[in-house]
Amino acid sequence: GENVEQHPSTLSVQEGDSAVIKCTYSDSASNYFPWYKQELGKRPQLIIDIRSNVGEKKDQRIAVTLNKTAKHFSLHITETQPEDSAVYFCAASMGGGSQGNLIFGKGTKLSVKP
Amino acid sequence: EAGVAQSPRYKIIEKRQSVAFWCNPISGHATLYWYQQILGQGPKLLIQFQNNGVVDDSQLPKDRFSAERLKGVDSTLKIQPAKLEDSAVYLCASSLGTGNNEKLFFGSGTQLSVL
């Protein structure tokens, strides 16, 4: 079945620096890759997503890149702020008949130090 | 727009007891998901409904877990009997349609502690 690996598990940066989180997936039929931010005790919230027909997508300080050949995708956060501190999860859609099912990575705990 | 509603927010039970969780998806969303999130891990899909039918329950431990969405709106997830390893946050999510690549919106979850 689909497997999603996420690295690093923890990431600490200084305010204003950039943060990069990387994920790899195993199912070549996956074609949808969302990123979720989860603050302590709160629900996961979608922050950006990318589909397989696009190589890069940007939304203000957040960008996601996708390399379908290598089966990896990355989240880039520029000019980090303390409020970016949270756990970030990548996910990949399952191919085949399981429409909409997402397989999640184990998460990256991002700490932005002021 | 109202989000996905879940209750209760917290639940503490002893092993071998039963527990039920409730979810009300975003109005008009056809697809509903139950995810289990163990501390320190990403959410894991338990079951997916499309309207009132089950699309995927391959990872649902059917000897103790059951779920229903009788009228295609609200859903309940039940565990009977609970085990210590069931301690987790149970997240409900919904999406608008039934096609692939639909955006999922999560509820706040029910945090279950099994003692």
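- The neighbour count for B/Leu84 CG, taken as heavy atoms of other residues, nucleotides or ligands under 6.0 Å away, is above 12.
- In this structure, A/Phe89 and B/Gln37 have side chains that are in contact, with non-hydrogen atoms separated by less than 4.5 Å.
- Few gaps surround CG on B/Leu115; more than 12 heavy atoms of other groups in view lie less than 6.0 Å from it.
- The neighbour count for A/Gln60 CD, taken as heavy atoms of other residues, nucleotides or ligands under 6.0 Å away, does not exceed 12.
- Around the CD atom of B/Gln17, the shell of radius 6.0 Å holds more than 12 heavy atoms that belong to other residues, nucleotides or ligands.
- Residue A/Gln38 touches chain B through its side chain alone, counting heavy-atom pairs closer than 4.5 Å.
- Taking the side chain as every heavy atom from C-beta outward, B/Lys103 and A/Tyr32 approach each other to under 4.5 Å.
- Within the 4.5 Å cutoff, side-chain heavy atoms of B/Leu91 are placed close to those of A/Pro44.
- Closest heavy-atom contact between B/Arg9 and A/Gly41: NH2-O, 2.7 Å.
- To the nearest 0.5 angstrom, A/Tyr36 atom OH is 5.0 Å from B/Phe106 atom CZ.
- Within a 6.0 Å radius of CG in A/Leu46, other residues, nucleotides and ligands contribute more than 12 heavy atoms.
- For B/Gln6, no part sits under 4.5 Å from any heavy atom of chain A, backbone or side chain.
- In terms of heavy-atom pairs under 4.5 angstrom with chain A, the leader among B/Gly42, B/Gly107, B/Pro43 is B/Pro43.
- More than 12 heavy atoms of other residues, nucleotides or ligands shown are found within 6.0 angstrom of NZ on B/Lys62.
- Placement of B/Trp22 and B/Val89 in two distinct hydrophobic clusters is found when ILVMFWY residues are connected by side-chain heavy-atom separations under 4.5 Å, directly or transitively.
- Using a 4.5 Å cut-off on side-chain heavy atoms (C-beta onward), B/Tyr33 and A/Leu102 make no contact.
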